[in-house]
Each structure stands twice: as C-alpha cells, then as structure tokens.
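Quick notes on the structure that follows.
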Amino acid sequence: IPGYGDSPPVEMAMTAQGRRTFLEHVFQELGMQRPVLVSPSMSGRFSLPFLLAHGDRLAGFVPIAPVGTKDYTAEQYQEVQTPTLILYGDRDTGLAPQALQNLQHLPVHRAALLPGAGHACYLDKPEAFHQALLGFLRQLK
C-alpha cells in the first residue's frame with residue numbers, strides 16, 4: 001500500500017479521492033474487469049472510497065477488518081449493491097467489531113467469523129479463510 005510500511009509516501013494517497021483514483025488506475029493498468037476486491041486492514045483506506053464510488057465495477061468485495069469504516073455513514077453503505085463477504089477473526093477485539101458494526105449496513109453481505117483467529121485471520125487460520133473465500137467466490141459465478 002503506497003505510503004505505508006517501508007513504501008515512500010505518495011501524494012495521491014493523501015486523500016480518499018486520491019486513494020480511490022489510485023485504485024482505479026491499478027485496475028485499469030492490469031486490465032481488470034469487475035474484479036473481486038479483497039481488502040485487509042490498512043487497505044481499507046483505498047478500498048472503501050472505491051467501493052462507495054464505484055461498487056458497481058466490482059464483482060465482489062471481501063473486507064477483512066479494514067480501517068476507515070467509521071468514516072462513512074450507514075446511508076452511504078446502504079447504497080452499495082456489491083456482494084460482500086465480511087471476514088474477521090474472533091480474537092480481533094480491536095478493529096473487527098467496529099468494522100463489522102459499520103459494514104453490516106451493506107445490503108448484500110454476509111459475515112464469516114473465523115474462530116481462533118486474530119486480526120490477520122488469513123494468516124492465523126488459512127484453511128478456514130480460504131474455505132470461506134472460495135465459497136463466496138463460487139456464489140458469484
């Protein structure tokens with residue numbers, strides 16, 4: 001994610017609109033048509049602005065305790081029709097409950113709790129994570 005970890009700061013990533021535009025450019029450069037966007041943790045700063053503005057360009061959305069969910073209203077989430085799988089670990093007591101509380105306003109969603117998993121539930125319980133993800137992807141076809 002530009003501007004996080006050891007990556008250099010990117011001016012475009014300073015605003016929600018800039019982060020949304022950045023993601024638009026990534027999809028365009030990769031030639032992606034209606035991808036499924038998997039968004040763990042800090043990537044929520046990019047995925048959520050894109051979802052709210054261009055959710056119709058996504059075949060599906062898989063947020064994994066993303067940051068930034070509180071930046072949007074229930075009404076904004078309710079306008080999104082993108083099929084969504086909210087994934088989280090039951091040991092993520094910090095970010096996951098807040099993300100779930102906000103994302104449950106998405107009208108076409110289901111949530112999958114991964115027992116024994118923390119914030120990085122895909123690392124803690126990879127088999128359960130992949131089963132949930134693959135089940136969701138199969139439903140999209």
(request) Check the side chains of R110 and Q104 for a donor-acceptor pair under 3.5 angstrom, ignoring hydrogens and angles. (result) no

(message) Under 3.5 Å, is there a donor on one side chain and an acceptor on the other for S47 and S43?
(response) no

(message) For Y77, give me all partners under ring pair (Phe, Tyr, Trp, His ring centres under 6.0 Å), at least two apart in sequence or on another chain.
(response) none

(message) With a 3.5 Å distance limit and no angle check, can you tell me whether T82 reaches the backbone of G55 through a side-chain donor-acceptor pair?
(response)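 At least one qualifying donor-acceptor pair exists.
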
(message) If we check side-chain contact (heavy atoms from CB on, under 4.5 Å) with L103, which of these qualifies: V80, T84, L48, L51?
(response) L48

(message) Quick check on side-chain contact (heavy atoms from CB on, under 4.5 Å): which of I64, L123, V62 does P40 satisfy it with?
(response) I64

Atom [atom1] in [X], atom [atom2] in [Y]: separation rounded to 0.5 Å?
X	Y	atom1	atom2	value
L58	M32	CG	CE	9.5 Å
D124	D92	CG	CG	9.5 Å
L113	L100	CG	CG	9.0 Å
Q33	R57	CD	CZ	10.0 Å
Q28	L23	CD	CG	12.0 Å
Q131	L114	CD	CG	9.5 Å

(message) Restricting to non-hydrogen atoms, name the atom on S39 and the atom on P66 that form the minimum distance, rounded to 0.1 Å.
(response)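 Between these two residues, the closest heavy atoms are O-CB, 4.0 Å.
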
(message) Does anything in residues 70-81 form a salt bridge (Lys or Arg N to Asp or Glu O under 4.0 Å)? List the pairs, not counting sequence neighbours.
(response)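 Salt bridge (Lys or Arg N to Asp or Glu O under 4.0 Å) check on residues 70-81 returns R45-D71.
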
(message) Does anything in residues 22-44 form a salt bridge (Lys or Arg N to Asp or Glu O under 4.0 Å)? List the pairs, not counting sequence neighbours.
(response) R20-E24

(message) Looking only at the aromatic ring of each residue, does the gap between the centers of F22 and F50 stay below 6.0 angstrom?
(response)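 F50 vs F22: aromatic centres not under 6.0 Å.
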
(request) Report yes if the side chains of N102 and Y72 come closer than 4.5 Å at any heavy-atom pair, otherwise no. (result)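 No, side chains not in contact.
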
(message) Any heavy-atom pair between the side chains of Y88 and C121 that's under 4.5 Å?
(response)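 No - every pair of side-chain heavy atoms lies 4.5 Å or more apart.
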
(message) Between F129 and L140, is there shared hydrophobic-cluster membership here, with clusters defined by ILVMFWY side-chain heavy atoms closer than 4.5 Å?
(response) yes

(message) Check for me, please, whether V108 and L85 land in the same ILVMFWY cluster - side-chain distances under 4.5 Å, paths through other members count.
(response) no

